[in-house]
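Single-structure report; data block below.
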Protein chains: 2
Amino acid sequence: MPLELSVDRSSPVPLYFQLSQQLEAAIEHGSLTPGSLLGNEIELAARLGLSRPTVRQAIQSLVDKGLLVRRRGVGTQVVHSQVKRPLELSSLFDDLEAAGQRPATKVLVNSIVPASAEVAAALGVAEDSDVHRIDRLRLAHGEPMAYLSNHLPLGLLNLDSAQLEATGLYRMMRTAGITLHSARQSIGARGATAEEAERLAEIEGAPLLTMQRTTFDDTGRAVEFGSHTYRPTRYSFEFQLLVRP
Amino acid sequence: MPLELSVDRSSPVPLYFQLSQQLEAAIEHGSLTPGSLLGNEIELAARLGLSRPTVRQAIQSLVDKGLLVRRRGVGTQVVHSQVKRPLELSSLFDDLEAAGQRPATKVLVNSIVPASAEVAAALGVAEDSDVHRIDRLRLAHGEPMAYLSNHLPLGLLNLDSAQLEATGLYRMMRTAGITLHSARQSIGARGATAEEAERLAEIEGAPLLTMQRTTFDDTGRAVEFGSHTYRPTRYSFEFQLLVRP
DNA sequence: CAGTGGTCTAGACCACCAC
DNA sequence: TGGTGGTCTAGACCACTGG
């Protein structure tokens with residue numbers, strides 16, 4: 001049995017997108033088993049009443065996601081291994097929520113401060129000019145998990161503490177109409193200072209996982225600089241990445 | 001002055017690829033400055049004697065790389081910020097070489113061992129079945145930087161110690177015709193055990209950066225499982241990531 | 001050899017944005 | 001309202017893979 005596929009031409013959803021969604025659902029659901037051939041593009045196009053380029057566009061989007069592999073002279077196959085998350089720019093909040101960890105946030109600092117040299121360089125503003133500073137403690141199951149320190153340019157966002165505790169910073173930025181484009185990250189480790197240890201209920205010198213991240217919108221503006229520390233017994237960075245062909 | 005663009009129809013290189021390379025070079029070189037408009041697709045196609053879909057394909061590949069941004073009703077712009085490396089599946093060897101660090105490698109273990117439960121699960125083989133084990137110490141400027149422990153299925157690769165010291169494992173796999181597809185990574189931190197401390201010239205309990213990675217080829221086979229420790233004063237993970245639109 | 005994906009064309013209509 | 005990218009069509013030829 002080939003597979004149930006159909007498109008709705010009266011829908012405002014692009015045809016290639018309708019098709020790619022159905023294919024992705026079929027893969028997720030198991031109707032399309034790993035390693036199985038997808039059938040050639042011409043026949044697929046004819047069956048759906050679409051042109052070949054449209055079908056190709058649908059297939060290409062899934063190839064880009066790593067779900068399909070194309071081989072010349074062979075066909076298009078469903079990838080065997082379990083591809084799930086191609087490393088998104090996700091907030092820790094979303095990650096925890098998805099893992100069912102019931103995240104809690106305490107906003108410890110929410111004020112306007114002069115930019116340090118490091119912050120100024122990251123955000124592309126003048127040193128000592130005013131920027132927002134947000135420090136948050138993230139807890140899971142009542143235990144401290146991470147200390148998040150963020151700096152943002154002024155006038156970009158309404159930074160309400162209550163809202164920051166109810167949702168993630170990234171979600172707030174997206175809601176405010178900011179189009180996130182890229183981020184530069186650095187992940188490292190170091191021993192906890194006395195201050196860091198106290199915040200995270202660790203002892204001085206305990207290994208901590210650290211991340212620094214500068215996020216840019218699609219105009220190239222830096223919209224956020226974060227300097228975070230994580231308890232490595234409670235958190236690690238897990239992600240999947242695809243090889244660029 | 002608009003920009004010098006031309007394609008060679010007698011070349012076996014695809015036209016869209018020729019164009020995207022020229023555009024990328026122009027961005028890199030500074031002929032196309034950040035924020036500048038690219039000119040509309042129709043006119044660009046006419047100027048080059050190409051069809052619009054071909055020009056779109058060239059532009060799209062650079063949008064996927066994060067170098068360009070398209071806006072409906074506005075045009076295609078060069079991204080402001082510095083986008084460089086979209087997180088490749090690069091080997092530590094290549095990273096160091098690119099940074100001019102003259103990496104050196106000592107192969108400490110190169111043998112066949114029975115798979116532990118963890119290794120067996122990662123590689124998808126039976127527990128206690130034979131697998132390759134490669135342990136390497138990576139040095140930069142004569143100082144230990146990382147201890148790399150890898151497990152590979154048998155019969156995949158000819159694992160010559162001399163070659164392993166002269167180049168990276170990933171480069172050897174690519175040379176052997178293995179098409180890398182995706183990898184699952186986990187980055188964390190912990191205190192060094194006595195053994196780890198000795199290997200890396202640290203003291204027991206010193207913070208270490210850790211990474212575990214399973215790499216898959218395009219048929220879904222696991223081709224490598226690595227369990228690595230890094231001295232955080234000498235190495236951190238730096239990368240750029242793009243937001244999927 | 002037959003079949004597949006890879007590339008390319010010359011049009012077309014629509015949705016969105018700035019003015 | 002004019003210009004932009006977003007989508008779509010119905011073909012075509014080529015390069016590579018497998019038997």
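Numbers restart at 1 for each chain; the letters A, B, ... are given by sequence-line order, proteins then strands.
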note: A:I42, atom CD1; C:dG6, atom P; distance rounded to Å ~ 12 Å
Polar atoms only, N or O, under 3.5 Å: list the protein pairs with nucleotides 10-17 of chain D and their distances.
residue, atom, partner, partner atom, Å
D:dA12, N6, A:R52, NH1, 3.2
D:dC16, O4', A:R72, NE, 3.4
D:dT17, O4', A:R72, O, 3.3

| said: Donor-acceptor pair, distance only, cut-off 3.5 Å: does the side chain of A:E224 make one with the backbone of A:N150? | reply: no
- Item | Salt-bridge present (A:R70, A:E41; N to O < 4.0 Å) | yes
To the nearest angstrom, the CG-P distance between B:L37 and D:dG3 comes to 15 Å
Query raised in the report: Is the backbone of A:T214 close enough, under 3.5 Å, to the side chain of A:Q185 for a donor and an acceptor to pair up by distance?
Result: no
I'd like to know if the side chain of A:D135 pairs up with that of A:S149 as donor and acceptor (distance under 3.5 Å, no hydrogens or angles considered). yes
(message) I'd like to know if the side chain of A:R213 and the backbone of A:R184 have a donor-acceptor N/O pair within less than 3.5 Å.
(response) no
Where DNA chain C forms runs of at least three Watson-Crick or G-U pairs (i with j, i+1 with j-1, under 3.5 Å), the stems are C:1-18 with D:1-18
Interatomic distance, CG@A:D128 vs OG@A:S116, rounded to 0.5 Å, equals 9.0 Å
Test side-chain contact (heavy atoms from CB on, under 4.5 Å), reference B:L15, set B:L48, B:T54, B:V55, output is B:T54
To the nearest angstrom, the CZ-C1' distance between B:R9 and C:dT7 comes to 11 Å
Between A:T76 and C:dT4, is there a contact of a side-chain N or O with OP1 or OP2 at under 4.0 Å? no
In whole angstroms, the gap separating P of C:dC17 from CD of B:Q77 amounts to 14 Å
Rounded to the nearest 0.5 angstrom, the CD-CZ distance for A:Q240 and B:F216 is 7.0 Å
**Asked** Between A:R136 and A:E165, does at least one N-O distance fall below 4.0 Å, as a salt bridge requires?
**Response** no
- prompt: Regarding A:E238 and B:Q212, is there a side-chain donor-to-acceptor distance under 3.5 Å anywhere?
  reply: no
Original post:
Looking only at side-chain N and O atoms, does A:R56 come under 4.0 Å of OP1 or OP2 in C:dG5?
Top reply: no
Expected list for residues 12-21 of chain A near DNA chain C, using heavy atoms below 4.0 Å, is none
Here the distance between atom C1' of D:dG6 and atom CD of B:Q60, to the nearest Å, is 10 Å
Practice prompt. Verify the contact: side-chain N or O of A:N40 to OP1 or OP2 of C:dG3, cut-off strictly under 4.0 Å; return yes or no.
Written response: no
Side-chain atoms of A:T54 come closest, of D:dT4, C:dT9, D:dT9, to D:dT9
Is the backbone N or O of B:T219 less than 3.5 Å from a side-chain atom of A:H80, with the two atoms forming a donor-acceptor pair by type? yes
Here the distance between atom P of C:dG6 and atom CD of A:E41, to the nearest Å, is 7 Å
Taken to the nearest whole Å, CD/B:E43 to P/D:dT4 is 9 Å
